[in-house]
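The block underneath contains the structure these notes are about, expressed in C-alpha cells.
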Protein chains: 2
Amino acid sequence: MKKLTKSQARVADYIGKFIDEKSYSPTYKEIAGHFKVNVNAIQQAISALIKKGSLEKVSGIARGLRVRDNSPEDMNKVKNNLIVIPLYGNVAAGEPVFADDNIEGYIAVEKPRRSRGELFSVTVRGDSMTEKKIIEKDKLIVRKQNTASDGEIVVALLDDEVTVKVFRANGGTPYLQPANNKYDPIRRPFKILGIVVGLTRDYSVV
Amino acid sequence: MKKLTKSQARVADYIGKFIDEKSYSPTYKEIAGHFKVNVNAIQQAISALIKKGSLEKVSGIARGLRVRDNSPEDMNKVKNNLIVIPLYGNVAAGEPVFADDNIEGYIAVEKPRRSRGELFSVTVRGDSMTEKKIIEKDKLIVRKQNTASDGEIVVALLDDEVTVKVFRANGGTPYLQPANNKYDPIRRPFKILGIVVGLTRDYSVV
DNA sequence: AAATATACTGTATATTTATACACTGTATAT
DNA sequence: ATATACAGTGTATAAATATACAGTATATTT
C-alpha cells in the first residue's frame with residue numbers, strides 16, 4: 001500500500017464512505033460532481049489508487065469500485081464468522097422465556113464450528129455457580145436444547161425462573177446441582193432450556 | 001415480511017449471495033442470465049420482492065439492489081459496534097509480545113463504550129487466577145496500558161513471560177498477587193502490558 | 001534536461017443498465 | 001366469474017456509466 005497524495009486520499013475516503021453508507025459504489029460522474037472536477041480527473045485518481053493498491057475495480061461494469069480491505073485475511077474470517085444472538089431476561093411467572101418481549105439486547109459471538117442448534121444468551125444472577133468460575137453478570141452463551149448429559153452446565157426453567165446449574169443424571173431421577181456448597185441440590189421438577197457452551201464477562205460492567 | 005414463492009426466494013437468494021460475494025448488486029440481465037429466463041421475468045420477481053419487503057432498490061441507478069436486513073435495529077447496532085482484536089500468544093524469551101508474528105488469531109468483541117486505548121487478547125494459562133473466576137483457556141480482553149491501580153487484574157510481562165495477576169500497590173513497592181492461595185505474591189520486577197476489561201470462555205474448547 | 005507522476009479541462013462514444021409496453025398462460029383468491 | 005398474483009417471452013429505448021483520446025500545467029524524480 002503505497003502512500004497516497006492528499007487529493008487521492010480524499011477521493012479514496014469519499015468512495016469508502018459512500019459505499020459504507022449506501023452499500024453501492026459511486027460512479028465516476030458522482031465522484032467528479034462531489035469534488036466539482038472533471039470526470040477524467042477522477043478517472044486518473046482512481047487509476048492511481050488502483051495502482052497503489054487502495055482500490056479495486058471490476059472493469060466494464062457500473063459501480064464496480066471496491067475499497068481494498070487491508071486487514072489480515074484471518075481477521076476477515078473472524079468478522080465473517082460472527083453471529084448475533086438474543087440476550088433474554090428473566091421472566092415473570094408463567095411468561096415464555098423465548099418471547100421477543102423478553103429480549104434485553106443482543107451479543108455477538110463467534111459461530112461455533114459444529115453450530116447445530118440455536119444459540120441464545122442469559123445473564124447470570126446470584127452466586128450458585130462460583131465453583132464453576134461463573135459469576136454474577138456473566139453472560140452465558142447457551143445452545144437451545146431440552147436434554148443434557150450428566151455434568152453439563154445447563155440453563156433451566158425452575159419454578160418459573162431461569163437458572164443455571166450443573167445437570168446431574170447418574171442413575172436416579174435427574175436433578176440440578178449448584179456449584180457452590182452453600183446451596184443444596186435441587187430435586188424439584190425443572191425444564192432444560194439449553195446447555196452452556198461459552199460465556200463472556202465484562203469487567204467494566206461489574 | 002410476507003411469504004415468498006419458491007421462485008422469488010431463489011431470486012432473492014441469488015441476489016443476496018451475489019452481493020455477499022462480489023460486494024455489488026447484480027443487474028437484471030445478469031440475474032435473468034443466471035436463471036435462463038427473460039429480463040422481464042426478473043423485473044417482475046424483483047417488484048414482488050420489493051413489495052413483500054425482502055428487497056430494496058434505488059431507482060434509476062445501476063446495480064442499486066439491496067437485500068433488506070430484517071434483523072431488529074438493536075441487532076444491527078451490535079453488529080456495527082464490533083471490533084476484531086488480535087490474540088497474542090506467549091513469547092519466547094526476549095521476543096516482543098506485540099509483534100505480528102506473535103498473533104495467534106483474532107477474536108471479536110463489542111467495542112467498549114469508553115473505548116480509550118487499544119485492545120488485545122491473550123489466552124490464560126495455569127490456575128493462578130481461579131479465585132477471581134478466571135480459568136485456563138479463558139481468553140482475556142485487555143486494554144493496552146502500562147499503569148494500573150491497586151486491585152486491578154493486569155496482564156504483565158514477568159521473566160519474559162506473559163502472565164495474569166492482580167496488581168497490588170497499597171503503599172510500598174507494587175507487586176503481583178496471584179488469585180490462588182497455592183501461590184505466593186510475586187515481588188520481582190515486571191512490566192504491565194494492560195488491564196483486563198473482559199473475558200470470553202468457550203466450553204467446547206475446554 | 002528529460003522523464004514521470006500529478007491534477008486537471010473538454011469532448012466523444014460504445015456499452016451497460018433500468019425500465020416501460022404488449023402479450024400468454026396458470027394458479028389462487030373473492 | 002372475475003379479479004389478482006404469478007411466471008413467463010419478446011421488444012424497445014432513454015438514461016446511466018465506463019472509458020478512450022486530445023490537451024494544459026505543475027511538481028518530482030532521475
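Just so we're on the same page: letters track the sequence lines, and every chain starts at 1.
The residue B:Ala62 sits close only to the backbone: its heavy atoms come under 4.0 Å of sugar-phosphate atoms, none of a base. Among the heavy atoms of the strands lying under 4.0 Å from B:Lys57 are primed sugar atoms or P, OP1, OP2 only; no base atom is included.
In this structure, the CG atom of A:Leu49 is 10 Å from the P atom of C:dT6, given to the nearest Å. Between the P atom of D:dA7 and the CG atom of B:Asn40 lies a distance of 13 Å, rounded to the nearest Å. For A:Gln44 and D:dA22, the CD to C1' distance is 12 Å, given to the nearest whole Å. Atoms OH (A:Tyr24) and C1' (C:dT16) sit 17 Å apart, rounded to a whole Å. At whole-Å resolution of the value, NZ in A:Lys6 and P in D:dA27 are 16 Å apart.
Two residues, B:Gln8 and A:Ile61, neighbour DNA chain D, and the one matched to the more 5' nucleotide by heavy-atom proximity is B:Gln8. Residue-to-nucleotide proximity on DNA chain C shows that, of A:Lys36 and A:Lys51, the 5′-proximal contact is made by A:Lys51.
Donor-acceptor pairing under 3.5 Å, judged by distance alone, is absent between the side chain of B:Asn38 and the base of D:dG8. Between the side chain of B:Gln43 and the base of C:dA20, a donor-acceptor pair under 3.5 Å is found.
Both distances falling under 3.5 Å, in either a Watson-Crick or a G-U wobble arrangement, place C:dA14 opposite D:dT17. Nucleotide C:dT9 forms a pair with D:dA22, judged by Watson-Crick or G-U wobble geometry with both contacts under 3.5 Å. Checking C:dA22 for Watson-Crick or G-U wobble geometry (two distances, each under 3.5 Å) identifies D:dT9 as its partner.
Taking 4.0 Å as the cut-off between side-chain N and carboxylate O, A:Asp13 and A:Arg10 do not count as a salt-bridged pair. Taking 4.0 Å as the cut-off between side-chain N and carboxylate O, B:Glu30 and B:Arg63 count as a salt-bridged pair.
In this structure, A:Tyr203 and B:Leu199 have side chains that are in contact, with non-hydrogen atoms separated by less than 4.5 Å.
Geometrically, A:Arg187 engages A:Tyr175 in a cation-pi contact defined by less than 6.0 Å to the ring centre and at most 45° from the axis.
OP1 or OP2 of D:dA7 lies within a sub-4.0 Å distance of a side-chain N or O belonging to B:Thr5.
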